[in-house]
Amino acid sequence: GTSSAGQSQDWSHLLSGAGAGFLTTVLLHPLDLIKTRMHVQEAGGRRLPYYSNVLQAFRVIVRVEGARGLYQGVGPNIFGSTVSWALYMFGYNQLKADLT
């Protein structure tokens, strides 16, 4: 059987991965949003304002849409990143323990 110490380690790796996925998404989503918008404008999208660089895009989004505008579409990204990093860290540490 698995010891309670081993189960505690499993949960800590799972929660650490989930926390890392959540935090990186929250911190980096604004840059991902700006990158996506700049790619769309290169493809000829006319709906959004034109952005000449990342800093200018950041300023325009905050001015026009408010700070919340930097987090449009963050929900699915948080879910996906949190779950995938949790499973990755859990699986990695399980595999590492099984191989040693």
Side-chain angles (χ1 to χ4, degrees):
T2 304
S3 70
S4 64
Q7 286 178 338
S8 175
Q9 283 283 47
D10 294 345
W11 281 107
S12 81
H13 294 304
L14 192 73
L15 292 175
S16 295
F22 176 85
L23 189 60
T24 56
T25 301
V26 168
L27 293 175
L28 297 176
H29 186 78
L31 291 175
D32 194 38
L33 177 93
I34 290 169
K35 175 196 71 157
T36 301
R37 288 192 179 185
M38 291 183 89
H39 281 293
V40 168
Q41 82 182 11
E42 288 173 6
R46 301 275 183 246
R47 189 171 156 240
L48 298 170
Y50 178 81
Y51 307 118
S52 57
N53 60 56
V54 173
L55 187 57
Q56 187 259 352
F58 181 87
R59 288 178 179 152
V60 169
I61 292 169
V62 170
R63 187 178 69 240
V64 173
E65 303 173 43
R68 292 183 72 165
L70 295 169
Y71 287 93
Q72 281 187 334
V74 75
N77 283 352
I78 284 177
F79 177 78
S81 185
T82 300
V83 170
S84 64
W85 276 105
L87 293 175
Y88 171 79
M89 291 300 287
F90 176 78
Y92 172 81
N93 284 289
Q94 283 294 115
L95 187 60
K96 188 170 79 170
D98 290 346
L99 294 175
T100 56

Could you report the tightest heavy-atom contact between [X] and [Y], atom names first, then the distance?
X     : Y     : answer
Gly21 : Ser81 : O-OG, 3.1 Å
Leu14 : Leu87 : CD1-N, 4.4 Å
Pro76 : Gly73 : CD-O, 3.4 Å

Exercise for review: Could you state whether Val26 and Ile34 fall into the same hydrophobic cluster, counting links through intermediate Ile, Leu, Val, Met, Phe, Trp or Tyr residues with side-chain heavy atoms under 4.5 angstrom apart?
Suggested key: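 Yes; Ile34 is reachable from Val26 via cluster members.
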
Practice item. Find out if a path of hydrophobic residues (ILVMFWY) with successive side-chain heavy-atom gaps under 4.5 Å connects Phe90 to Val83. Key: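 No, Phe90 does not connect to Val83 through the hydrophobic network.
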
Exercise for review: Anything under 30° is parallel, anything over 60° is perpendicular, the rest tilted; go ahead and classify Tyr88 against Trp85.
Suggested key: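 It falls in the perpendicular class, over 60°.
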
Check your understanding: For Phe79, which residues count as a ring-ring contact (aromatic ring centres under 6.0 Å, His included) partner, sequence neighbours excluded?
Key ->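 Scan of Phe79 (ring-ring contact (aromatic ring centres under 6.0 Å, His included), adjacent residues dropped) gives none.
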
Check your understanding: Tell me the salt bridge (Lys or Arg N to Asp or Glu O under 4.0 Å) pairs involving residues 15-34, sequence neighbours left out?
Key ->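 Residue pairs passing salt bridge (Lys or Arg N to Asp or Glu O under 4.0 Å), neighbours aside: Asp32-Lys35.
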
Point to revise | Any pair counted as salt bridge (Lys or Arg N to Asp or Glu O under 4.0 Å), so long as it reaches residues 74-96, sequence neighbours left out | key: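 Qualifying pairs: none.
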
Point to revise | Residues clustered with Tyr50, ILVMFWY side-chain links under 4.5 angstrom | key: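 Besides Tyr50, the hydrophobic cluster comprises nothing; the residue is isolated.
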
Practice item. List, by chain and number, the other hydrophobic cluster members for Leu99, where Ile, Leu, Val, Met, Phe, Trp and Tyr join if side-chain heavy atoms come within less than 4.5 Å, directly or indirectly. Key: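 Leu95, all in the cluster of Leu99.
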
Which residues pass the side-chain contact (heavy atoms from CB on, under 4.5 Å) test with [X], not counting sequence neighbours?
X     : answer
Leu15 : none
Thr82 : Ala18, Phe22, Ile78
Asn53 : Leu55, Gln56

Check your understanding: Would you say His29's side chain and Gln72's backbone share a donor-acceptor pair under 3.5 angstrom?
Key ->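 Answer holds: yes.
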
Indicate every side-chain donor-acceptor pair of residues 57-70 with a distance under 3.5 Å to a residue at least two apart or in another chain.
unit_1 : atom_1 : unit_2 : atom_2 : d
Glu65  : OE1    : Arg37  : NH2    : 3.2
Glu65  : OE2    : Arg37  : NH1    : 2.7
Glu65  : OE2    : Arg37  : NH2    : 3.3

Exercise for review: Measure the CG-CE distance between Leu31 and Met38 for me, rounded to the nearest 0.5 Å.
Suggested key: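 Result: 11.5 Å between the selected atoms.
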
